[in-house]
Participant: 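Dropping the structure in here first, questions after.
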Amino acid sequence: MIKLSFMTFLLDPACFVAPRMESGDLYAFFDERLLKKKAKELAPCLNSCCLFLIGMMGCGKTTVGKVLSEALGYAFADSDTCVEQAVGEIPVAQIFQEHGESVFRDNESKALQELSSKSQLVVATGGGAVLHPINWEYMRKGITVFLDVPLDALARRIAAVGTDSRPLLDFDSGDPYTKALMSLSPLLEKRVEKYSSADVTVSLSSMCAIDMLNDSFLSLSLNLLFD
């Protein structure tokens, strides 16, 4: 019932307004007033359960996480920030460069283990956290939510803001959009099956459609939840 209630909350079209895609902000369509109203109805059903947001880099886990945490009266945490603090207050990109990806992943798992022991917390996870089974053991203590954003939209967003903070997208000069798209495609291919294991999937491609979330998408999502 907790997951069903949360699914219904996230997929309620009333919580969203028409997106301003031309601005480059995929999440300009949140109606925070309605989200907070819906959160009051949902909060008692969560029993203080943590929410773990998963998805590709640039899908907006931090943005969505902060909105949800405020709406639910939860605290917000970013697992990447926890890793940076643990390794010595240095950025993720620098951790990859100076210590290697394995050091980052080890500390990422430690961060998720600690975060999973807490309550009333919305956690934005790293895009590659889903590749390690131990992380799923931690995240399964709460509710996992996959933010599914079209690859084209991800590439455009990352091309607009740059890749300095994204070590796995360190590419040579050239057209930013094309380079981002080419770099993201193999990463998504490796991760998409893991992302699909989430308790809840929120399809941003559907939200960006003119008619927003239609009844058939809602029915399909609920059916998948009970499979």
Participant: Counting only N and O atoms by type, is there a donor-acceptor contact under 3.5 Å from the side chain of Ser185 to the main-chain atoms of Met182?
Facilitator: no
Participant: What distance separates Leu112 CG from Met139 CE, expressed to the nearest 0.5 Å?
Facilitator: 6.5 Å
Participant: Show the nearest heavy-atom pair for residues Cys50 and Lys118, with the distance to one decimal.
Facilitator: SG-O, 3.1 Å
Participant: Please determine, by modelled atom types, if Thr201 and Asp148 share a side-chain donor-acceptor pair under 3.5 angstrom.
Facilitator: no
Participant: Closest heavy-atom contact between Lys141 and Cys49?
Facilitator: O-SG, 4.1 Å
Participant: I need the Gln85 CD to Asn107 CG distance, nearest 0.5 Å.
Facilitator: 11.5 Å
Participant: Among Thr62, Leu68, Val67, find the one that has a side-chain contact (heavy atoms from CB on, under 4.5 Å) with Phe76.
Facilitator: Thr62
Participant: Nearest 0.5 Å please: distance from the CE atom of Met56 over to the CG atom of Leu188.
Facilitator: 5.0 Å
Participant: Please identify which of these residues, Leu184, Leu187, Leu181, meets the side-chain contact (heavy atoms from CB on, under 4.5 Å) condition with Leu154.
Facilitator: Leu184
Participant: Taking all atoms of both residues into account, what is the closest heavy-atom pair of Thr125 and Leu53, and its distance?
Facilitator: OG1-O, 2.8 Å
Participant: Just verifying a value: how many Å separate Gln120 CD and Ser69 OG, rounded to the nearest 0.5 Å?
Facilitator: 11.5 Å
Participant: Is the backbone N or O of Ala129 less than 3.5 Å from a side-chain atom of Asn135, with the two atoms forming a donor-acceptor pair by type?
Facilitator: yes
Participant: Are Val103 and Val83 connected into the same hydrophobic cluster when the rule is that any two of I, L, V, M, F, W, Y join if their side-chain heavy atoms are below 4.5 Å apart?
Facilitator: no
Participant: For residues Ala198 and Trp136, report the shortest heavy-atom separation together with the two atoms involved.
Facilitator: N-CH2, 4.1 Å
Participant: Tell me whether the rings of Phe104 and Phe96 are parallel (<30°), tilted (30 to 60°) or perpendicular (>60°).
Facilitator: tilted
Participant: Grab the two heavy atoms, one from Tyr177 and one from Ala155, that are nearest each other, plus how far apart they are.
Facilitator: CE1-CB, 3.6 Å
Participant: So which atom in Gly142 and which in Asp199 form the shortest heavy-atom distance, rounded to 0.1 Å?
Facilitator: O-OD2, 3.8 Å
Participant: When rounded to the nearest 0.5 angstrom, what is the spacing between OG in Ser119 and OH in Tyr74?
Facilitator: 7.5 Å
Participant: About how many Å separate CG of Leu51 and CG of Leu46, when rounded to the nearest 0.5 Å?
Facilitator: 6.0 Å
Participant: Salt bridge between Asp152 and Arg156, side-chain N to carboxylate O under 4.0 Å?
Facilitator: yes
Participant: For Ser79 and Phe52, run side-chain contact (heavy atoms from CB on, under 4.5 Å): C-alpha distance rounded to whole Å, both residues' side-chain angles, the deciding distance at 0.1 Å, then the answer.
Facilitator: CA-CA 10 Å; Ser79 64; Phe52 292 88; over 6 Å; no
Participant: Is there a donor-acceptor pair closer than 3.5 Å between any side-chain N or O of Ser117 and the backbone N or O of Glu114?
Facilitator: yes
Participant: Do Asp78 and Lys61 meet the salt-bridge criterion of a basic N to acidic O distance under 4.0 Å?
Facilitator: no
Participant: Could you please spell out the steps behind the side-chain contact (heavy atoms from CB on, under 4.5 Å) verdict for His99 and Ile90?
Facilitator: CA-CA 11 Å; His99 302 284; Ile90 61 176; 4.0 Å; yes
